[in-house]
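Heads up, the thing below is written out as structure tokens.
Basis for what follows: all heavy atoms, side chains included, without hydrogens, waters or symmetry-related copies. Letters A, B, ... mirror the listed sequences (proteins, then strands); counts begin at 1.
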Amino acid sequence: MSLEEQRALLQQEFPGLLEEERKKEERKTVQPLPGAVEGKVTLRFAPNPDFYIHLGNARPAILCDEYAKIYKGKMILRFEDTDPRTKTPLKEAYDAIREDLRWLDVKWHEEYVQSARLEIYYDVAREMLKRGCAYIDTCKEEGKRLLLQGKHCPTREREAEWQLEQFDKMVEGAFKEGEALLRIKTDPTHPNPSIRDWAALRIINVEKYPHPLVGSKYWVWPLYNFSVSVDDHLMGVTHVIRGREHEVNTEKQLYVYKCMGWDVPVFIHTGRLKLEGFILSKSKIRELLSKHKEEFLGPDDPRFGTIASLRRRGILPETIREVILSVGIKESDATISWVNLSSANRVLLDRRADRIMAVAEPREMVYEGECVDAEIPYHPDVPARKRKYRICRGDRILVDERDLGLGEFRLMGAANVKVEGDRLVFVSRELEHALRRKLQVIQWVPSEGAVRTKIYVPQGLELRRLHAVAERALREYGPGSPLQLIRFGFVRVERAGEAYELIFTHE
RNA sequence: GCCGCGGUAGUAUAGCCAGGCCCAGUAUGCGGGCCUUUCGAGCCCGUGACCCGGGUUCAAAUCCCGGCCGCGGCACCA
């Protein structure tokens, strides 16, 4: 059968299916990448491994990945860990970031760590000194002050030979932290003072601040703008997608490209991404974690906006991708509302999450009447998969306190009953009866085998803890399983065991 | 203060570069209905926006100017 024939048949037999497929394709579309040629695109995601990545960091990562896939291009993962002093890399973050990216289905073809490439930066620095595009500023604090006034440190005028000599001294450790600095010559009177002869390599006292990967081996460290320009060129990056906060940096980096005669990649700056009600900032999360260690469950606490947090909470990677792609590469900031995110997640989760009955305010009732075999499907779309409970006279059943006021209701999948004191009295078995009388269908839990559960409900910076009792079928699920507690919402199994711990995902 | 970037319904986004097809599309939310052994999903109907003021033009969400608001950067963070 040809593709067309299959489509025609599908259209005839299951018109809904094709419709759904079409819709999905539409959603996934991203705008074309400027200047992109199929097979000739190289992108990179360059996180600082000083902490776990969050939703905002995921934006460029996913966009790059998406474009790399669309244009059959190359994707590079580059760890930018060149500041052992103020942004000390976290050793565990390298792996955590890799794991998060894999979970997000971001594929990379090459991987680099900047702290292993210092010699490369030194080489380019020497070349730029040779070409007269850079100089060593030994004026210390005064150098900065001069530039602020549109002047500059006199060493700017010295010849290349002297500059190279000084640079070697820097590398060998002849200068202390702050005593010498390699600057890129731009324009000392540039209207934006931060662009005036910007700093490219500086000295860090690694005896005091050792780097977690290379220890105290290197004395001279490149700054962002320098290492990034060098790497983007050497790695053949054609398109740089990064946050808008880098706009000025782009202008600075152009000086390196110009001096070295390199081709300039396409720069795209995206706005900031916020997640309504969540903390995304790495530094804020670090602060909270160090100040209130006891109150949080770690970097992946479900109240944070880190990728690990969202995963733990039960947000699916497909949801994150969908939301980020729908925001696209706009320059304006975007605030993702939790309602929208959970709505997108719910659509995907609904198909995967089995339904489990649990009651939050359990009240034990005694069943009165003939024996009933209850058959409850794990998922309404797959009625054949089900578990069975038999209830007979004298059996104890837990129902939610709040449902008792209904007087008469249907125990889901079992029978229609009436409340009489602490007894549930059998009325009839037929569903039709319940439908006719518009009885509320409620979830219930047989006391025998019931599982105690603790449900964590994240709300802003609060983490409420609810207790509920679930039917024994819950025991069939291990950590990580997505579930829906009927009439309560979606949850993810956090811990299995004698008692269960669940994290509330969303309604 | 200086430099730069943005502003479409509650939220997000399409359209803006190449002005008319936009009394502005889509998703979500909200209101109503249908369906359904969940207050879940699905389906149908409705609700709701071009920051303000000028200008250019036969015609402006779209181009120009001014204002207002928001955001980013500010220099040995990335």
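For A:Gln484 against B:U38, a side-chain N or O and a base N or O form a donor-acceptor pair under 3.5 Å.
Listed by chain and residue number, nothing satisfies the ring-ring contact (aromatic ring centres under 6.0 Å, His included) test with A:His269 (two or more places apart in sequence, or in another chain). Remark: A:Tyr224 engages A:Arg242, A:His246 in a side chain to side chain donor-acceptor pair (under 3.5 Å) (not counting sequence neighbours). For A:Phe167, the ring-ring contact (aromatic ring centres under 6.0 Å, His included) test picks out A:Tyr122, with sequence neighbours left out. Checked against ring-ring contact (aromatic ring centres under 6.0 Å, His included), A:Phe490 has the following partners two or more places apart in sequence or in another chain: A:His506. Judged as a side chain to side chain donor-acceptor pair (under 3.5 Å), and not counting sequence neighbours, the contacts of A:Asn225 are A:Asn249, A:Gln253. Applying the side chain to side chain donor-acceptor pair (under 3.5 Å) test to A:Asp381 and every residue at least two apart in sequence or in another chain returns nothing. In this structure A:Phe488 satisfies the ring-ring contact (aromatic ring centres under 6.0 Å, His included) test together with A:Phe504, sequence neighbours excluded.
Looking at the side chain of A:Asp333, the nearest of the listed nucleotides B:C71, B:G29, B:U38 is B:C71. Among the nucleotides B:C5, B:C39, B:G42, the one closest to any side-chain atom of A:Val347 is B:G42. Closest contact between the side chain of A:Ser343 and the listed nucleotides B:U28, B:G6, B:U38 involves B:U28.
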Heavy-atom protein contacts under 4.0 Å, nucleotides 46-51 of chain B, coded B base, S sugar-phosphate only, - none = ------
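Checked against a 6.0 Å centroid threshold, the rings of A:Tyr112 and A:Phe79 do not count as neighbours.
B:G29 atom P lies 13 Å from atom CD of A:Glu276, rounded to whole Å.
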Distances under 3.5 Å between protein N/O atoms and the N/O atoms of nucleotides 75-78 of chain B, please, pair by pair.
{"residue": "B:A75", "atom": "N3", "partner": "A:Pro193", "partner atom": "O", "Å": "3.3"}
{"residue": "B:C76", "atom": "O2'", "partner": "A:Arg85", "partner atom": "NH2", "Å": "2.9"}
{"residue": "B:C76", "atom": "N4", "partner": "A:Gly178", "partner atom": "O", "Å": "3.3"}
{"residue": "B:C77", "atom": "O2'", "partner": "A:Asp83", "partner atom": "OD2", "Å": "3.3"}
{"residue": "B:C77", "atom": "O2", "partner": "A:Lys87", "partner atom": "NZ", "Å": "2.7"}
{"residue": "B:A78", "atom": "OP1", "partner": "A:Thr82", "partner atom": "O", "Å": "3.4"}
{"residue": "B:A78", "atom": "OP1", "partner": "A:Thr82", "partner atom": "OG1", "Å": "2.8"}
{"residue": "B:A78", "atom": "OP2", "partner": "A:Tyr224", "partner atom": "N", "Å": "2.6"}
{"residue": "B:A78", "atom": "O3'", "partner": "A:Glu80", "partner atom": "O", "Å": "3.4"}
{"residue": "B:A78", "atom": "O3'", "partner": "A:Glu80", "partner atom": "OE1", "Å": "3.1"}
{"residue": "B:A78", "atom": "N6", "partner": "A:Asn249", "partner atom": "ND2", "Å": "2.9"}

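Among residue pairs with one or both ends in residues 134-153 of chain A, none qualify as ring-ring contact (aromatic ring centres under 6.0 Å, His included); sequence neighbours excluded.
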Acceptor/donor pairs from residues 170-179 of chain A side chains to any protein atom, 3.5 angstrom cut, sequence neighbours excluded:
{"residue": "A:Glu177", "atom": "OE1", "partner": "A:Asn205", "partner atom": "N", "Å": "2.5"}
{"residue": "A:Glu177", "atom": "OE2", "partner": "A:Arg85", "partner atom": "NH1", "Å": "2.4"}
{"residue": "A:Glu179", "atom": "OE1", "partner": "A:Lys176", "partner atom": "N", "Å": "2.8"}

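Remark: A:Thr335 is in phosphate contact with B:A12, judged by side-chain N or O atoms under 4.0 Å from OP1 or OP2.
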Reading RNA chain B 5' to 3', what string of ( ), [ ], | and . shows its pairs, if Watson-Crick and G-U wobble pairs count only when both distances fall under 3.5 Å?
-> (((((((..((((......[....))))((((((.......))))))...(((((..]....))))))))))))....
